[in-house]
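Here's the structure we're looking at; comments come further down.
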Amino acid sequence: MDASKIAELYPSVPKEDVDYLCTSVTSADVAGLLGFAKEGSDRAVDLAKRLCAALDGSTVLTFPDTGYGLPAICAWKGIDTMTAADAVGFLSSLPETKCAELADGFVAGENAMYAAEIIESVAYLGHTLEDRPGFVPDRVLRALGLPFVDETIPGAVAFLGGLDDPEAVKKMSRDFQGKGMVGLASGEYPAQFVAAGAKMDLERRFYDVGCFTGTVHAINFAVRAALTFGNISPGDREGLDAYLTKRPKVIVIQNGPISRIDAALAFAALMHHASIVTDCDLPEVPGALKVCKDPLDMIQVGIEERGIIVKLQPIELPVAYAPSFEGEVVRKPDTYVEAGGSRSPSFEVLLSKSESEVEDGKVTLIGPEIDEMKEGSLTPLGLIVEVYGPNMQEDLESVLERRFHSSINFAEGVWHNGQRDNNWIRISKVSKEAGFKMADLGKILVHKIKEEFGKVVTRVQATVITDPEELERRRPEAEKAYAIRDERMKGLVDDKVDLFYTCAMCQSFAPGHICIIAPERIGLCGAINWLDSKAGFELDPRGPNQPVDKGYVIDGPKGEWSGVNEAIRKETMGRLDRMCMYSLMDAPMTSCGCFEVIVAMTVDMQAVILVDRDFTGMTPVGMKFSSLAGSIGGGRQTPGFMGIGKRYITSKRFIEAEGGIARIAWMPKHLKEIVGPEFKKRCEEIGMPDLLDKIADETVTEDAEGLMAYMAEVGHPALTMDPLL
């Protein structure tokens with residue numbers, strides 16, 4: 001490890017401790033490895049005690065932007081709050097380590113894991129996530145919920161150590177990203193990946209977890225998945241262990257000499273059911289530790305050892321293509337060419353055609369290619385995908401079309417936003433130099449539509465238009481399709497359909513949760529609407545979307561139906577008896593963990609606040625998003641608190657039983673901007689055109705007293721309603 005980097009990041013750690021813990025070997029027998037892990041664990045525990053003893057005993061140890069304090073300690077020991085004084089006592093109570101048999105390695109690993117979390121939390125004192133690498137915040141983990149669930153992300157790979165081979169490092173980054181996996185790198189690896197041209201940040205699902213004891217952040221990433229999605233109670237060791245055997249599936253790639261602290265934390269990784277692949281001469285442990293000397297084979301070996309199933313099919317492009325690039329943003333200074341976004345005419349549409357009209361796999365470019373465009377220029381852009389399949393229906397067109405967004409965003413250096421004729425695309429200078437073409441947009445769409453919807457479409461062709469005259473000639477066909485869909489959607493309200501749909505996708509992560517999807521209530525992840533669920537059932541009758549006969553009305557204003565309650569009892573195995581679709585206070589929908597927004601009643605129980613996972617500040621209910629999320633996720637039914645999708649905010653059914661949007665008293669400023677246009681329409685519809693102005697945000701107040709004063713000052717309508725309780 002780089003001693004100067006460790007000294008910079010851990011200024012309070014004595015050099016002799018760093019030297020001792022970072023002493024490394026390249027080979028060892030079982031006894032030697034156990035002894036090395038014991039030495040590393042004992043020294044890490046001693047170091048953590050000394051660091052905490054030097055602090056004010058009341059200093060709270062935690063990581064930024066998490067509701068779990070020190071997550072591994074919270075998960076395994078059930079301790080959600082720890083001060084420096086508590087930590088000294090806790091560390092002193094840990095069991096003695098030995099090195100006689102393999103089981104002793106797990107004791108050493110667990111002790112080292114706790115010590116490493118405490119050392120890391122001390123290093124974070126006075127720092128934020130912006131100025132110190134390492135901890136992956138809860139909001140990022142929650143954003144990965146649905147991709148983890150549907151196995152778009154099949155697992156995670158943690159890189160430990162380093163590899164002095166830039167070309168191999170570059171190929172390894174392309175390998176795991178191409179398989180759709182999350183990456184976490186520690187030791188020398190982060191600097192080596194960056195030097196090899198790989199980009200590491202939260203947008204790309206490739207995280208620098210630091211060095212020295214920072215490897216523990218890969219471990220607490222895994223345990224938080226269980227706490228966040230699995231409804232695992234802190235301290236439930238048996239339940240946590242059972243959950244981690246199944247998900248999230250993690251492999252560790254270890255290259256180069258292994259240090260004392262690495263040896264100890266490696267046993268902690270094994271405790272979490274990770275599979276380790278190393279190039280060191282260490283004794284193999286079936287299903288846990290495998291030796292592989294070829295770095296380019298290590299990821300595949302790990303995948304096979306851990307039983308990870310990679311579903312993504314390869315596509316030949318001049319740039320990397322993987323879900324890890326979906327969150328990447330191409331900013332204006334990095335853009336080679338741009339289309340749409342109100343700056344140039346553009347549209348995208350998917351149309352079903354007859355068999356004779358579709359030539360499978362055909363991609364046509366009409367107009368200039370990117371090589372004929374100047375850097376920084378604007379171009380018109382039309383994306384037309386035409387499909388045929390004996391099972392294809394017009395109702396499915398919009399469902400397939402919505403996949404354009406993620407499909408295009410999977411390409412490195414290519415950014416897509418919006419839909420229909422409000423789409424917006426940027427292609428970066430780097431991707432253009434790598435050889436990316438406008439026609440590749442069509443190639444991507446053909447590939448992904450066939451991959452994802454091969455059960456209903458057998459032929460797919462794409463036309464990419466950059467010629468302005470051809471664009472205007474083809475636009476009316478797209479506009480006609482939009483108009484037909486809009487007319488069809490007008491009739492899609494809860495009262496006009498007989499069936500709702502379940503969405504059980506998140507049950508693999510949150511066994512106690514079930515979504516009920518209705519025309520006027522989108523899934524709480526924000527990604528699944530009623531049409532998506534209907535299409536999901538038609539595509540896979542045994543899949544996660546199943547029809548629910550509403551049955552008879554029990555309570556109309558609250559949205560309670562006999563058939564929905566029956567489905568709830570069945571899908572939660574009797575854990576829940578009922579659900580009210582339009583109520584926050586009476587049997588609200590459960591929450592898994594990948595919700596976009598939390599609705600929470602205010603301290604005076606007179607109104608509600610909204611907070612989305614991108615807001616990291618304090619809210620007027622006295623908790624940040626991460627703390628609120630930790631209280632309601634994992635399939636809990638919590639009256640007064642509920643996870644929702646952003647688009648549900650402007651639904652006519654939004655907490656209708658409690659007064660709807662007129663109850664909203666606070667939300668973050670950026671969330672107001674996101675929902676603003678549709679929200680204002682709802683305000684007009686309910687006769688409260690100035691409601692948005694009466695809703696406070698963080699620039700007004702972040703505490704309960706300030707919110708109550710503001711509501712009184714502006715005459716907020718919630719003050720005239722009955723209290724929520």
Side-chain angles (χ1 to χ4, degrees), residues 9 59-75 79-83 116-145 148 156 182-184 186 200-210 213-229 234 248 327 329 525 591-598 600 609-634 641 643 646 666-671 697-698 702-703:
L9 292 173
T59 302
V60 176
L61 302 179
T62 186
F63 295 116
D65 296 343
T66 182
Y68 301 111
L70 303 178
I73 294 174
C74 176
I79 301 171
D80 56 5
T81 303
M82 180 173 283
T83 64
E117 274 208 322
I118 291 169
I119 292 168
E120 287 293 306
S121 68
V122 172
Y124 261 106
L125 292 173
H127 292 279
T128 66
L129 296 178
E130 284 68 37
D131 60 20
R132 181 182 176 82
F135 188 73
V136 181
D138 288 357
R139 59 184 168 81
V140 171
L141 181 67
R142 292 182 188 282
L144 298 177
F148 263 134
V182 167
L184 306 115
S186 64
M200 301 182 66
D201 54 38
L202 300 181
E203 293 177 349
R204 293 172 177 82
R205 300 175 184 170
F206 193 7
Y207 314 123
D208 176 357
V209 296
T213 50
T215 303
V216 77
H217 295 307
I219 295 171
N220 64 42
F221 179 89
V223 299
R224 276 181 295 143
L227 295 173
T228 300
F229 304 114
V329 176
C525 66
S591 299
C592 57
C594 45
F595 35 77
E596 294 184 303
V597 176
I598 294 172
I609 65 112
L610 306 181
V611 58
D612 65 309
R613 63 176 172 234
D614 291 329
F615 182 72
T616 59
M618 183 56 69
T619 72
V621 298
M623 289 187 281
K624 296 182 178 181
F625 178 92
S626 55
S627 298
L628 281 167
S631 301
I632 68 172
F641 302 86
K646 288 177 184 174
W666 187 95
M667 69 172 100
K669 184 178 180 180
H670 70 266
L671 182 58
D697 56 41
E698 71 276 17
E702 290 185 347
D703 59 57

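Just so it is clear, the model here is predicted, and its values are computed rather than measured.
- Residues satisfying the ring pair (Phe, Tyr, Trp, His ring centres under 6.0 Å) test with Phe135, not counting sequence neighbours, are Phe63, His217.
- Contact between Val611 and Trp666 at its shortest, heavy atoms only, is CB-CZ3, 4.5 Å.
- Residues meeting the side chain to side chain contact (heavy atoms under 4.5 Å, CB included) test with Leu610, sequence neighbours left out: Val597, Val599, Ile649, Phe654, Ile664, Met667, Leu671.
- Considering all non-hydrogen atoms of both residues, Ser591 and Gly643 come closest at OG-N, 3.0 Å.
- Smallest separation of non-hydrogen atoms from Arg142 and Ser626: NH2-O, 4.3 Å.
- Residues Ile219 and Glu117 form no side-chain contact, since every pair of their non-hydrogen atoms from C-beta on lies 4.5 Å or further apart.
- In this structure, Leu184 and Ala156 approach most closely via the heavy-atom pair CD1-CB, 4.1 Å.
- The heavy-atom pair separating Thr213 from Glu120 by the smallest distance is OG1-OE2, 2.6 Å.
- For the atom pair CG of Leu628 and CD1 of Ile609, the computed distance is 6.0 Å after rounding to the nearest 0.5 Å.
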Show me the side-chain donor-acceptor pairs of residues 614-625 shorter than 3.5 Å, one per line, residues at least two apart or across chains.
{"unit_1": "Thr619", "atom_1": "OG1", "unit_2": "Val621", "atom_2": "N", "d": "3.4"}
{"unit_1": "Thr619", "atom_1": "OG1", "unit_2": "Met623", "atom_2": "O", "d": "2.5"}

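- Looking only at side-chain heavy atoms (C-beta outward), Phe595 and Ile632 come within less than 4.5 Å of each other.
- Using a distance-only test at 3.5 Å, with no hydrogens or angles considered, a donor-acceptor pair links the side chain of Asp138 to the main chain of Gly67.
- Distance CD1/Ile119 to OH/Tyr124: 14.5 Å, rounded to 0.5 Å.
- Side-chain N or O atoms of Arg224 include one that pairs as donor or acceptor with a backbone N or O of Val136 at under 3.5 Å.
- Residues meeting the side chain to side chain contact (heavy atoms under 4.5 Å, CB included) test with Pro137, sequence neighbours left out: Asp65, Leu129, Arg139, Val140, Leu202.
- In this structure, Val209 and Thr215 have side chains that are not in contact, with every pair of non-hydrogen atoms separated by 4.5 Å or more.
- Formation of a donor-acceptor pair under 3.5 Å by the Tyr68 side chain with backbone atoms of Pro234 is not found in this model.
- By the ring pair (Phe, Tyr, Trp, His ring centres under 6.0 Å) test, Phe641 is found to be paired with no residue, residues two or more places apart in sequence or in another chain being considered.
- The CG atom of Leu125 lies 6.5 Å from the OG1 atom of Thr59; values are rounded to the nearest 0.5 Å.
- Side-chain contact between Ile79 and Leu70 is absent, with no heavy-atom pair separated by less than 4.5 Å.
- Judged as a ring pair (Phe, Tyr, Trp, His ring centres under 6.0 Å), and not counting sequence neighbours, the contacts of Phe206 are Phe176, Phe193.
- Summarising the geometry of Ile118 relative to Ser121, their closest heavy-atom pair is O-OG, 2.7 Å, with the distance given to 0.1 Å.
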